[in-house]
Protein chains: 2
Amino acid sequence: MRVSRQKAQKNRDAVLDAAARLFRERGLDGAGVAEVTREAGLTHGGFYGQFPGGKDALAAEAVTAAFAATQAFWEELAIGTKPGSGGALAAIISAYLSDGHRDDPGRGCPVPALAADAARRGGVVQAAFSGGVRDLIDTLARHTPGNTDAGRRAEAARLLATLAGAVLIARAVSGGDPALANTVVDAAKAGMPLNGICVP
Amino acid sequence: MRVSRQKAQKNRDAVLDAAARLFRERGLDGAGVAEVTREAGLTHGGFYGQFPGGKDALAAEAVTAAFAATQAFWEELAIGTKPGSGGALAAIISAYLSDGHRDDPGRGCPVPALAADAARRGGVVQAAFSGGVRDLIDTLARHTPGNTDAGRRAEAARLLATLAGAVLIARAVSGGDPALANTVVDAAKAGMPLNGICVP
DNA sequence: TGTACATCAGTGAACGCGCGTTCACTGATGTAC
DNA sequence: TGTACATCAGTGAACGCGCGTTCACTGATGTAC
């Protein structure tokens, strides 16, 4: 049965939201079209009307949405901190390396959750992922101390690698060796620029 | 047809080798039992005689084998460098952040290739992964400067997070934004302890 | 050492299952008058 | 504003396909004599 255009848009958004969460939780191969649409309160039949590009198109849009949400979350964290004080960066790092982020990949950064999948899938998914990483590094660079744009971007890139790597490893070992997971996250925290000065 | 016990062992090893490579290349969901055994020159029927635990058992053993190979490769790199000079660590870092490693996940470190899969799969796979990460960090710590064991281990953990994160991101964006991939890897290189002094 | 036979590593067909995708259909929406 | 009808968002059954796994069978190996 037909629904209003407003309701149709809401339904599409619900599918996208469910996809962005489920893909981060279970991987691009671990969540199917049927489950995603069911989670959005719909059946799978209408899906190809919403996303003519099929699952790949959904995955690409979900990746973009997940990056946008992460970026928005970071900007929200930055509000209320003194500009130039490094407080925004500290807040982002603290949230990124929190237990909450480690244990809730569905609402977290797409990099540790989906980077390997994006690398393998290629096409529109990898393109969306690349754009997301670039925007995320730019956002991080805006809150990173440094003299030049290139320097801030490089530092932000290094930071994201360490943050994503630490959460990636922590998630992988938290079930089999919780102490090791904490070691990795704590080591990453200790190596963050705000805890001292790095002189390359 | 029955084969000799020696040949049977060789066949099992061939399946394990193929699995260790294919799983790293395509992910645990991206390579099937049929393809792995075919790559080893066998049919899939005999597989459950070799691995009664099924695909999960194969994945767990493949993860362990991949970590062991990475560790052996690092130890090989360390041979011929002056002990305590940091030369071994420099060689490991250089190899890890090379284009060759980025573009050949099948023979590379299991962390960027399989950590997300291991986190989701749980069970014996996650247990094998946890053990592999611990051993890898211990190996890295043996070549890391520092005053205490705990300090070396923490530094090694932080190092592995940065290395794995950088390669993970580089692989994900190399198709869509090659310049960004180089930015991330170069930034990780520049942030390595051997290029300067980190004062936490 | 030679022979007869039990063992078992590997084969290939078959199983149920869930996947991504298609399509005829439904019925409320949006529109033309 | 009210009515008639075309549009189309969503439904649910169905498609082929590849997955992990099972199993009856084959025939060379390993063993007992």
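Letters A, B, ... mirror the listed sequences (proteins, then strands); counts begin at 1. Note that the structure is a prediction, hence the values are computed from the model and not measured.
A:R142 pairs by the salt bridge (charged side-chain N to carboxylate O under 4.0 Å, His left out) definition with A:E75, not counting sequence neighbours. Scored by the salt bridge (charged side-chain N to carboxylate O under 4.0 Å, His left out) test, B:D17 finds no partners at all (sequence neighbours excluded). For B:R12, the salt bridge (charged side-chain N to carboxylate O under 4.0 Å, His left out) partners two or more places apart in sequence, or in a different chain, are B:E61. For A:F23, there are no ring-ring contact (aromatic ring centres under 6.0 Å, His included) partners two or more places apart in sequence or in a different chain. With sequence neighbours excluded, no residue forms a ring-ring contact (aromatic ring centres under 6.0 Å, His included) with B:Y48. For B:R152, the salt bridge (charged side-chain N to carboxylate O under 4.0 Å, His left out) partners are B:D149, not counting sequence neighbours. The ring-ring contact (aromatic ring centres under 6.0 Å, His included) search around B:H44 returns none, not counting sequence neighbours.
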Evaluation steps, salt bridge (charged side-chain N to carboxylate O under 4.0 Å, His left out), between B:R21 and B:E39: CA-CA 10 Å; B:R21 183 171 60 79; B:E39 199 81 1; 2.7 Å; yes

side-chain contact (heavy atoms from CB on, under 4.5 Å) between B:T162 and B:M192, worked out = CA-CA 9 Å; B:T162 305; B:M192 287 293 122; 3.7 Å; yes

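Defined by atom type and a distance below 3.5 Å, a donor-acceptor pair is present between the side-chain atoms of A:T139 and A:Q71.
Where DNA chain D meets chain A (any atom under 4.0 Å from a heavy atom), the bounding nucleotides read 5' to 3' are D:dT7 to D:dA14.
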Per-residue pairing states of DNA chain D in dot-bracket (Watson-Crick or G-U under 3.5 Å; . unpaired, | other strand) read .||||||||||||||||||||||||||||||||

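Listed by residue number, the members of residues 18-48 of chain B with any heavy atom below 4.0 angstrom from DNA chain C are B:L42, B:T43, B:H44, B:G45, B:G46. Non-hydrogen atoms lying under 4.0 Å from DNA chain D are contributed by B:G54, B:K55, all within residues 52-61 of chain B.
Hydrophobic clustering of Ile, Leu, Val, Met, Phe, Trp and Tyr side chains at less than 4.5 Å, counting indirect connections, unites B:I137 with B:F73.
Among residues at least two apart or in separate chains, there is no salt bridge (charged side-chain N to carboxylate O under 4.0 Å, His left out) pair with a member in residues 87-96 of chain B.
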